[in-house]
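Single-structure report; data block below.
Note on naming: letters A, B, ... go to the chains in the order of the sequence lines (proteins, then strands), and numbering restarts at 1 for each one. Note: hydrogens, waters and symmetry copies are ignored here, and every other heavy atom, side chains too, is used.
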Amino acid sequence: MSFDPNDPALRRRRSRPQLARRDVLRGGVWLGVGLGAAPLLAACGNDSTGGTADGSTPYPLARPDKPVKLAIKDSNPPIDDGLDPEEGGTFNILNYAQYMAPAVMKNFGKKHNVSVEVTPYNNYDEMLAKIRQPGQSFDLVFPGPSVLSKMVYAELLQPLNHSYIPHLDNVWPEFQDPWYDQGAQYTLPYTIYGTGVLYRADVVTSVPEVGYDLLWDKTYSGKVYLLDDRQEAIGMSLLRDKITDDINTSNADDIKKATDSLIELINLVKVKTDVNAYSEVPEGTATVHQCWSGDAIAGQYYLPKGQTPEVLGYWRPSPTDYVIGSDVIGIPKSAKKPVLAHLMMNDLIDNKIGLQNFGWNGYQPPINKLSAGYLVDQGYIPKNLSNAVVVRGDFDKGHTFYEVSPSTEALWQDNWARFKAGA
Amino acid sequence: MPDPVSEKAPTKAPDHDRATRRLWPALALPGTLWLIALFVVPFYAVMSVAFSGQINIFNEPLPAWNPLNWEWSTFGTVLQDSFTPSGAYHEVWVRTAIYSFWALVICVTIGYPVAYYTARLAGKRRGLILALVLAPWWINYITRMLAWVNLLQDDGYVNKVLGLVGIPAHSWLSGSSFTVVWALAYGYLPYFIIPLFASLDRIDQRLLEASRDLGIGSVRTFLHVTLPLSRLGLITALVITALPMAGDYYTNTIVSGSPNTNMVGNQIELFLLEGPQKNIGASLVLVLSLVLMFFMFYYLILTQRASREATR
Amino acid sequence: MTVSERPAATATPARTRRRVPPWRNPWRRPYVLAAITWAYILWSLVPVLIAIQFSFNDGRSRSTWQGFSRQWYCCNEGSVFEDPSMFHSLRNSLILGIATVIVATPLGVALAMGLTRWRSRASAVANGISLVPLVTPEIVVGSALYLVVVNLYQFVPLGRPAMLLGHVTFTVSYVLVIVRSRLLSIGGEYEEAARDLGANSMQAIRTILLPLLTPAVFASAMIVFATSLDDFVVSQFLFGSADNETVPILLYNAVRAAPTPALNALASILLVGSFLALILAYLVLRARRRGSDESALESLADWG
């Protein structure tokens with residue numbers, strides 16, 4: 001049905017259309033009234049977790065040579081001993097995607113009658129944004145040493161009660177008392193890894209001495225990926241260009257130079273960023289992918305039918321240039337099921353379950369029994385990827401990311417945003 | 001034919017009048033309050049975050065609700081970075097404008113004929129064709145993009161078809177502006193066609209016949225009769241498509257993923273969801289809204305003028 | 001003067017009558033436009049059909065056909081029914097969609113009726129505010145709602161409550177536009193007649209106006225449902241944690257992670273569900289059509 005704009009019978013009933021000048025003025029009056037009410041709004045809604053920071057921080061910044069014992073506040077005590085595990089409902093995990101074996105989660109869920117769900121994030125910034133949203137509660141979170149101190153200061157994590165975690169003895173001694181959390185008061189180690197380059201051995205003809213140069217190689221244009229993590233990407237560029245040995249630098253010029261090198265990649269090889277090396281290189285979507293060592297090992301499980309792990313290759317720098325990291329497990333203060341959270345942490349450092357988890361996600365847990373030699377012997381690590389294993393010596397010699405002040409972080413983030421804005 | 005009944009001026013009893021007058025505002029009140037609380041106030045929240053002067057240890061801005069506490073430094077920096085040619089975000093804005101422009105060109109080129117045909121020339125099959133043209137509304141946008149990702153992969157059907165003709169396989173999903181522009185057009189065409197269809201549908205056939213009777217050929221009839229009559233619908237369609245398209249970020253993430261095709265929306269997502277510096281994100285949102293509001297007011301004024309002309 | 005007289009304008013004998021060449025004949029069949037339209041329809045819908053085809057792929061690839069298999073639907077590991085997150089996302093999408101329809105449709109209809117009949121300056125401002133969500137990019141709406149929920153309306157938790165608020169906010173405008181254009185074309189004479197016969201305004205609305213508006217109300221309910229199901233940006237900003245994920249969020253995250261044909265399967269299920277709902281509504285609408293001269297389909301497309 002159509003009505004004729006020229007039909008006089010309908011003229012009267014057309015409503016007065018949009019904004020005339022007087023309406024705009026009137027709207028302005030209302031807006032002014034609204035703004036005048038703003039001071040009332042100032043009374044509600046707040047988000048105060050600390051003052052501004054400009055290089056100095058109210059919380060200690062841990063370093064491998066300056067270990068830190070995180071404070072336990074009275075306002076944030078650990079849970080009591082001897083409580084029963086909670087049952088029923090959802091057990092919420094905040095973690096990287098595809099970072100814990102579904103079988104491990106399913107078995108845990110069945111044993112304790114809960115349904116286990118994972119909320120994924122791509123990097124620590126996202127993780128912090130999610131865990132800090134009001135009204136959100138997660139039962140388990142997987143941060144890293146570079147964000148730990150401020151999370152404890154902001155009371156985002158609760159201290160652990162070791163009576164629920166007898167398997168702590170399974171873990172490497174240096175992780176029972178790590179430099180970023182002496183006494184393992186807030187965290188347990190989850191995985192250890194190094195950062196290298198995963199490539200298709202059947203496509204890449206020769207690997208240069210500095211394997212990072214593969215990312216700058218035009219022959220693989222369109223299939224080159226960086227890690228979608230500002231620390232890893234910019235840090236890699238700092239080391240490759242030999243700008244500085246300090247991958248936690250706060251020197252604005254150095255960071256800018258390193259980012260400019262990365263920006264070259266955009267037009268040179270049409271670089272993309274994500275954290276899915278484990279699936280993309282085996283599937284052939286990526287030929288060269290900056291990755292974590294666990295991605296290389298997990299890649300064997302994502303190969304299409306009929307292909308063997310020989311098509312994958314992993315390059316790592318020398319031990320003194322290797323970027324080593326570890327992820328830890330913590331319990332958010334807002335956890336609704338803290339006892340279950342402790343039990344899951346305990347499971348993850350159990351020899352059998354830890355091995356089962358490794359067999360799925362490829363990332364080594366620092367468990368005594370699961371040494372590099374053991375894993376290779378048991379066939380978990382293909383021969384051609386045996387350099388993807390992390391050995392204890394790597395930790396003494398390599399670089400690691402540690403926590404920096406907010407102003408340094410802002411510097412890194414602004415440069416990362418510059419990279420993401422395109423060439 | 002003017003209807004003698006409706007020509008009569010309505011005579012209402014006085015008490016009906018008062019009750020009627022109070023009824024209509026009362027009906028409109030819940031909706032209006034809802035929109036104020038959930039559309040106008042959030043916009044004010046964006047301003048409070050963009051103009052906030054304090055950050056906490058997570059580098060997050062504390063919103064400044066009182067306008068007297070507003071600080072313009074972050075917003076100023078963002079403006080500067082956006083509109084000076086060497087600024088960090090300048091490239092992104094220019095790229096967004098270019099992609100939107102070309103996608104709109106494609107939308108008009110394809111959408112107008114389709115709308116015209118469906119509205120006026122479809123004859124017996126009109127219901128079927130209208131249903132098929134409307135169908136994408138019921139298909140998830142992400143699903144439609146996913147479908148194209150399937151086809152555009154290196155071993156997908158598009159490359160296979162090109163291979164039959166002898167064209168070498170092209171990598172469509174690696175930061176190609178061409179792919180992003182066509183994906184935007186593909187995604188937003190259904191939203192473009194509908195208002196245009198409604199407007200073309202309303203054009204009185206007698207006007208076209210009269211023009212032909214006067215001896216004017218098809219092309220000139222189109223240019224001088226159809227196009228002006230459908231102008232309002234065309235502008236509505238353009239506004240409904242262009243403005244949301246300018247804020248799109250998921251299309252290029254799905255079909256490209258390279259920083260080289262990032263639009264303003266990606267930067268906003270980066271700062272608001274994946275990082276602590278939300279005041280920069282909020283400032284970008286404000287700048288985007290201001291730019292688009294300009295076009296929106298132009299559209300509102302045009303519709304007002306057009307309706308006034310129509311009722312003259 | 002009628003058109004049908006034109007081909008024989010001059011009184012010449014039949015054999016010397018000039019045949020108008022096809023490109024000069026304004027009443028020829030519109031082959032070019034028809035071709036463009038059908039080409040568009042194919043271009044628009046065939047990729048989705050191919051995506052549905054690949055949801056039955058026997059193998060992980062989404063671009064190379066490896067044989068027919070139902071593994072991605074049920075019941076292997078990694079299929080839609082075995083993966084709890086996919087199941088939950090489907091459920092979340094449907095619940096959110098229905099809730100949005102229940103809230104947005106009455107709100108929008110009341111708003112449309114009020115704004116159309118209320119003549120004053122304030123109504124023009126309200127009118128303007130109501131139409132702005134239609135043209136605002138979703139990222140602006142989503143980010144504004146996110147910032148306000150996190151900083152001001154902290155009593156509204158992120159997740160389903162916040163998502164419901166967000167969805168209703170931007171779908172109310174659709175209801176407004178559709179119902180209002182129908183209201184304008186109905187005109188006020190029916191209500192006047194009712195009032196002349198002694199009904200008060202509320203009765204007139206309930207017994208006369210609402211039944212006349214039924215096609216438009218149904219059409220707008222359908223559009224609200226489809227829009228809510230389809231919404232990605234507002235949901236992404238407001239969902240909070242994984243158990244509130246809707247299907248678009250899941251698909252988006254999974255496309256960037258490790259996509260398998262299970263995604264195609266999930267998308268196909270949602271598609272079939274939406275179409276079934278649509279067909280159901282269409283049948284109900286057709287059955288209830290009482291003297292309205294507009295088909296249900298046309299109401300959907302009537303954007304005055």
Apply side-chain contact (heavy atoms from CB on, under 4.5 Å) to the pair C:Y252 and B:M145, showing each step before the final yes or no.
CA-CA 10 Å; C:Y252 181 74; B:M145 287 303 134; over 6 Å; no
As a quick check of understanding, evaluate side-chain contact (heavy atoms from CB on, under 4.5 Å) for C:L147 and B:L272, giving each step before the final call.
CA-CA 9 Å; C:L147 288 173; B:L272 281 180; 4.3 Å; yes
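Contact annotation for C:V233: both backbone and side-chain heavy atoms come within less than 4.5 Å of a heavy atom of chain B. Both the backbone and the side chain of B:L132 come within less than 4.5 Å of a heavy atom in chain C. Of the atoms belonging to C:L145, heavy atoms from both backbone and side chain fall under 4.5 Å from chain B. Interface remark: B:F222 contributes no atoms to any contact with chain C (heavy atom separation under 4.5 Å). Contact annotation for C:L270: only side-chain heavy atoms (C-beta onward) come within less than 4.5 Å of a heavy atom of chain B. Within the 4.5 angstrom heavy-atom criterion, no atom of B:F295 approaches chain C. Contacts of C:V32 with chain B are absent, with no heavy-atom separation under 4.5 Å from either backbone or side chain. With a threshold of 4.5 angstrom between heavy atoms, B:L38 approaches chain C through its backbone and through its side chain. In this structure, the portion of C:V103 lying under 4.5 Å from any heavy atom of chain B is its side chain and not its backbone. The parts of C:W43 that come within reach of chain B are both its backbone and its side chain, each placing non-hydrogen atoms under 4.5 angstrom from that chain. In this structure, chain B has heavy atoms under 4.5 Å from both the backbone and the side chain of C:V168. Looking at C:L229, only its backbone comes within 4.5 Å of chain B, counting heavy atoms on both sides. Residue contact with chain B, scored on non-hydrogen atoms closer than 4.5 Å, involves the side chain of C:Y146 exclusively. Using a 4.5 Å cut-off between heavy atoms, B:L292 contacts chain C through its side chain alone, with no backbone atom that close. Contacts between B:A135 and chain C at a heavy-atom distance below 4.5 Å involve backbone atoms as well as side-chain atoms. Residue B:L29: no heavy atom, backbone or side chain, is found under 4.5 Å from chain C. Using a 4.5 Å cut-off between heavy atoms, C:V141 contacts chain B through its side chain alone, with no backbone atom that close.
Top candidate by heavy-atom pairs under 4.5 Å with chain C, chosen from B:V239, B:I268, B:L189, is B:L189. Of the listed residues (B:I129, B:V133, B:L288), the greatest number of heavy-atom pairs within a distance under 4.5 Å of chain C belongs to B:I129. Of the residues considered (B:A147, B:P42, B:G31), B:P42 shows the highest number of contacts with chain C, using heavy-atom pairs under 4.5 Å. Between chain B and the residues C:A34, C:A226, C:A267, C:S268, the largest count of heavy-atom pairs under 4.5 Å involves C:A34. Of the listed residues (C:A110, C:G142, C:G166, C:S173), the greatest number of heavy-atom pairs within a distance under 4.5 Å of chain B belongs to C:A110. Your options are C:L49, C:I139, C:L176, and the one with the most heavy-atom pairs under 4.5 Å with chain B is C:I139. Note on C:V132, C:V109, C:V172: by heavy-atom pairs under 4.5 Å with chain B, the leading option is C:V132. Of the listed residues (B:L152, B:T253, B:V149, B:T118), the greatest number of heavy-atom pairs within a distance under 4.5 Å of chain C belongs to B:T253. When B:Y141, B:F43, B:Y250 are compared by the number of non-hydrogen pairs under 4.5 Å with chain C, B:Y250 comes out ahead. Between chain C and the options B:L121, B:T32, B:I139, the largest number of non-hydrogen pairs under 4.5 Å is found for B:I139.
Residues B:G247 and C:P137 share a closest heavy-atom pair of CA-CB, 3.9 Å. The two atoms that bring C:N151 and B:P63 nearest to each other are CG-CG, 3.5 Å, heavy atoms only. Scanning all heavy atoms of the two residues, the minimum distance from B:A45 to C:V148 falls at CB-CG2, 3.7 Å. C:T169 and B:L35 get closest at one heavy-atom pair: O-CD2, 3.8 Å. For C:L33 against B:Y116, the heavy-atom pair with the smallest separation is CD1-CD2, 3.8 Å. In plain terms, the two heavy atoms of B:A28 and C:L115 that are nearest each other are CB-N, 4.2 Å.
To the nearest 0.5 Å, the span separating CG on C:L152 from OH on B:Y44 amounts to 10.5 Å. Between atom OG of residue C:S143 and atom CG of residue B:L284 there is a gap of 10.0 Å, rounded to the nearest 0.5 Å. From B:I110, atom CD1 reaches atom CD1 of C:I36 across 8.5 Å, with rounding to the nearest 0.5 Å. How far OG1 of C:T136 is from CE of B:M296: 5.0 Å, rounded to the nearest 0.5 Å. Note: B:L243 CG to C:L134 CG = 10.5 Å, rounded to the nearest 0.5 Å. Distance check, rounded to the nearest 0.5 Å: CG of C:L263 to CG of B:L146 gives 6.0 Å.
Listed for the C:Y153 side chain is a donor-acceptor partner under 3.5 Å among the backbone atoms of B:A37. Without hydrogens or angle criteria, B:Y186 side chain to C:S44 main chain gives a donor-acceptor distance under 3.5 Å.
Contact of the C:N264 side chain with the B:N150 side chain is registered, since non-hydrogen atoms from C-beta on lie closer than 4.5 Å.
Aromatic ring orientation, B:Y249 versus C:F232: tilted (interplanar angle from 30° to 60°). In this structure, B:Y157 and C:F54 have tilted ring planes: the angle between them lies in the 30° to 60° band.
Checked against the 6.0 Å centroid criterion, the rings of B:Y117 and C:Y40 do not qualify as a close aromatic pair.
The environment of B:Y191 atom OH is dense: over 12 non-hydrogen atoms of other residues, nucleotides or ligands sit within 6.0 angstrom.
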